[in-house]
Amino acid sequence: MIVDARVLREDFVPTEVVHRHDEVTHLSETLEPLLYGERAEPAFLFGPTGVGKTCIARYTLEQLREEDPEIRTAYVNCWQEYTRFRVLYAILEAIDRTADLHRSTPKDELFGRLEAADEGPIVVILDEVDQLEETDVLYDLYRLRHVSLVMIANREDELFARLDDRIRSRLHASTRVRFDRYRTTELAAILQRRAEKALEPGAVSDAQFRTIADAASGDARVGIGILRSAARRAERRGTDQFTDDVIEASIPDAQTAIRRKTLEGLIEHQRILYEVIADAGEIEPTDLYDAYERRVTKPKTERTLRNYLTKMVHYDLIEAVGKRRGRSYRVVDEEVQTSEEDGAVGESER
DNA sequence: TGTCCACCGGAATCCTGGGGAT
DNA sequence: ATCCCCAGGATTCCGGTGGACA
């Protein structure tokens, strides 16, 4: 069934793109000056999740490097690298300048090092740049003549609202590439291309591609997730073709997989908080803090819990209903619990 | 209408632990 | 071995907000 699993991975960059030629052209035109030793203006890629922003950014940079291998690139996911220190560190790591760096290196030393690495252009992709907590690093990077920025975010207005005036005014003139949701037919075509490389020929029918694309409602990440999950499922069953019930079973799987992954990333106290909220269904702050304190031996302070809560809201794991007095928290998606057993069953499939 | 207070979140400060310098 | 520097998480402190209630 599965011939090449890499193709179904989330970070796979295809060798050719489907349905995003205009966007690729737009971005590569912006970066073109780099080929003539000039500076490229910063570029923004805006659009909802799963529309290929990250994929196109990486693809375009690979194309660029094929024309000029001297151009160095760094990919930074601001979800994980959300401080100035971490962003700078990640960039230095990508260009191999972290040999003797450690946690206690002064921040300015990191910046100085990046500043000194000016023997050629560096293109930095800042993915999920709206998750950056210390936005002043954008200003630092902007100041470096040999660094070009490709920034990825969901919504333009939300991103700009978070920036301070200094950097906002400078970035206002940048190129913007906008991505729309895929139509079902477009996503079906993308999935088909992936399947051609990843799976044995004829494993999936055209109608099944459409079913998957439809269930993913324009989100390629979800679509590929369903495809991957269905392929594994079919493989476990020893069939060489997708059946409709395999696909049916894989849809909820893929939709909650991302959530489960973020849930795993939580630290113990955050998970306990999440469990308290999940158990209660919906709970008010004071009750939540009390219940939490009863469950742990060394409780964190309420302020810390509030930080956890905002973080979890951010992750889209829980939601806060109402503001101030009378606010309550609840988990975003109740199905998470039920799908748990689904994943664990695995080999004992019916 | 005024007071109370649950709740939020910003800012300053403390604490911890890794790692270099001496 | 000891001291110093650092980042980042936790904690402390506190002001703002607006719904509840008299």
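Letters go in sequence order (proteins before strands), and every chain restarts at 1.
With rounding to whole Å, A:L288 atom CG is found 14 Å from B:dC8 atom C1'. Atom pair A:Y89:OH and C:dC6:C1' shows a separation of 14 Å (rounding to whole Å applied). Separating the CG atom of A:N307 from the C1' atom of C:dG9 is a distance of 9 Å, rounded to the nearest angstrom. The distance between atom CZ of A:R84 and atom P of C:dA7, rounded to the nearest whole Å, is 9 Å. What separates CG of A:L110 from P of C:dA7 is a distance of 9 Å, to the nearest Å. A straight line from CG of A:L309 to P of B:dG10 spans 14 Å, rounded to a whole angstrom. The distance from atom CZ of A:R86 to atom P of C:dC6 is 18 Å, rounded to the nearest whole Å. Counting to the nearest Å, the P atom of B:dC8 and the CG atom of A:L305 are 11 Å from each other.
Contact between the side-chain N/O atoms of A:Y82 and the OP1/OP2 oxygens of C:dG9 is found at a separation under 4.0 Å. Considering only side-chain N and O atoms, A:Y308 lies nowhere under 4.0 angstrom from the phosphate OP1 or OP2 of C:dT11. Applying the 4.0 Å criterion to OP1 and OP2 of B:dC8, one finds that A:Y329 has a side-chain N or O inside that range.
Electrostatic pairing of A:D140 and A:R84 counts as a salt bridge here, judged by a charged N lying under 4.0 Å from a carboxylate O. Taking 4.0 Å as the cut-off between side-chain N and carboxylate O, A:K53 and A:E23 do not count as a salt-bridged pair. Residues A:K300 and A:E268 are not paired through a salt bridge, judged by the lack of any N-O separation under 4.0 Å between the basic side chain and the carboxylate.
A side-chain donor-acceptor contact under 3.5 Å links A:E282 and A:S328.
Applying a 4.0 Å cut-off to non-hydrogen atoms, none of the residues of residues 290-301 of chain A approaches DNA chain B.
Counting non-hydrogen atoms under 4.0 angstrom, A:R327 reaches the backbone sugars and phosphates but no base.
Under a 4.5 Å side-chain heavy-atom cut-off, the cluster of Ile, Leu, Val, Met, Phe, Trp and Tyr residues that includes A:V321 has no other member.
Among the nucleotides B:dC8, B:dG9, C:dA7, the one closest to any side-chain atom of A:F85 is C:dA7. The nucleotide whose nearest atom lies closest to any side-chain atom of A:I267 is, among B:dC8, C:dG9, C:dA10, C:dA10.
Seen from the ring of A:Y308, A:R306 does not count as a face-on cation partner, given the 6.0 Å and 45° thresholds.
With a 4.5 Å cut-off on side-chain heavy atoms, A:T135 and A:V137 do not count as touching.
In terms of position on DNA chain C, the residue among A:R303 and A:K311 whose nearest nucleotide sits closer to the 5' end is A:K311.
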